[in-house]
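Reading through the structure tokens given below for one structure.
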Amino acid sequence: MKFRPLHDRVVVRRVTESEKTAGGIIIPDSAQEKPQEGEIVSVGAGTRGADGKVHALDVKAGDRILFGKWSGNEVSIDGEELLIMKESDVMAVLEGKAKGKKKKAA
């Protein structure tokens, strides 16, 4: 199914967090908090300003973002759990490559 959020709304897919701590302890589902980091799947056209023109959003599809704990509305689209929120609920865009583990030199 294709969908497009309206106006200043964005559709976000939460990123999955590790189910283990750095020490190797497995965290049960009931004790895990929902991540506050996600990837934007789709964005609306923008907001209409006082001048009558549509102003594009600052975020775009593919951006990794941070958002508030209670931000957005959860929806299920084609069996996938997503969030729909206003752009103003986005607190930050994460720029640069994600830090991965460095390989040891042989």
Side-chain angles (χ1 to χ4, degrees):
M1 167 190 321
K2 289 189 175 190
F3 61 94
R4 178 179 52 90
L6 299 177
H7 309 295
D8 66 337
R9 289 181 173 79
V10 297
V11 178
V12 178
R13 177 184 302 119
R14 289 185 195 266
V15 296
T16 56
E17 291 188 354
S18 175
E19 296 177 0
K20 287 186 182 181
T21 65
I25 298 171
I26 296 175
I27 304 169
D29 288 341
S30 60
Q32 290 181 11
E33 286 193 24
K34 292 184 178 178
Q36 296 174 22
E37 183 179 334
E39 178 183 354
I40 294 184
V41 176
S42 181
V43 298
T47 57
R48 189 167 303 277
D51 57 1
K53 295 180 182 176
V54 175
H55 299 279
L57 302 180
D58 289 333
V59 295
K60 62 187 179 307
D63 282 351
R64 285 184 69 98
I65 60 164
L66 295 177
F67 52 89
K69 191 173 198 170
W70 309 109
S71 297
N73 295 309
E74 293 182 353
V75 295
S76 179
I77 300 174
D78 289 339
E80 183 177 15
E81 295 297 320
L82 300 169
L83 288 168
I84 297 179
M85 66 181 71
K86 288 188 166 250
E87 184 190 31
S88 60
D89 290 338
V90 175
M91 295 189 297
V93 175
L94 300 173
E95 296 177 347
K97 293 185 179 180
K99 292 182 180 179
K101 293 184 178 181
K102 294 182 180 178
K103 292 183 179 179
K104 293 183 179 180

Within this structure, what is the [atom1]-[atom2] distance for the pair [X] and [Y], rounded to the nearest 0.5 Å?
{"X": "Leu6", "Y": "Ile84", "atom1": "CG", "atom2": "CD1", "result": "9.0 Å"}
{"X": "Asn73", "Y": "Lys86", "atom1": "CG", "atom2": "NZ", "result": "11.0 Å"}
{"X": "Ser42", "Y": "Arg9", "atom1": "OG", "atom2": "CZ", "result": "13.0 Å"}
{"X": "His7", "Y": "Thr47", "atom1": "NE2", "atom2": "OG1", "result": "10.0 Å"}
{"X": "Ser88", "Y": "Asp58", "atom1": "OG", "atom2": "CG", "result": "11.5 Å"}

Heavy-atom closest pair, residues [X] and [Y]:
{"X": "Pro5", "Y": "Val43", "value": "CG-C, 3.5 Å"}
{"X": "Val41", "Y": "Ala61", "value": "O-CB, 3.6 Å"}
{"X": "Asp51", "Y": "Lys53", "value": "OD1-N, 3.0 Å"}

_Identified salt bridge (charged side-chain N to carboxylate O under 4.0 Å, His left out) counterpart of Arg64 within the set Glu39, Glu37, Glu95_ = Glu37
*Under a 4.5 Å side-chain heavy-atom rule over Ile, Leu, Val, Met, Phe, Trp and Tyr, are Val12 and Val93 clustered together?*
yes
*Hey, any chance Val90 and Leu94 share a hydrophobic cluster, counting ILVMFWY side chains that come within less than 4.5 Å of each other, even indirectly?*
no
*Taking the side chain as every heavy atom from C-beta outward, state whether Arg14 and Glu81 have any atom pair closer than 4.5 Å.*
no
*Side chains of Leu66 and Gln36: does their closest heavy-atom pair fall under 4.5 Å?*
no
_Short N-O contact, Asp63 and Lys60, less than 4.0 angstrom_ = yes
*Flag yes if more than 12 heavy atoms outside His55 fall under 6.0 Å of its NE2 atom; otherwise flag no.*
yes
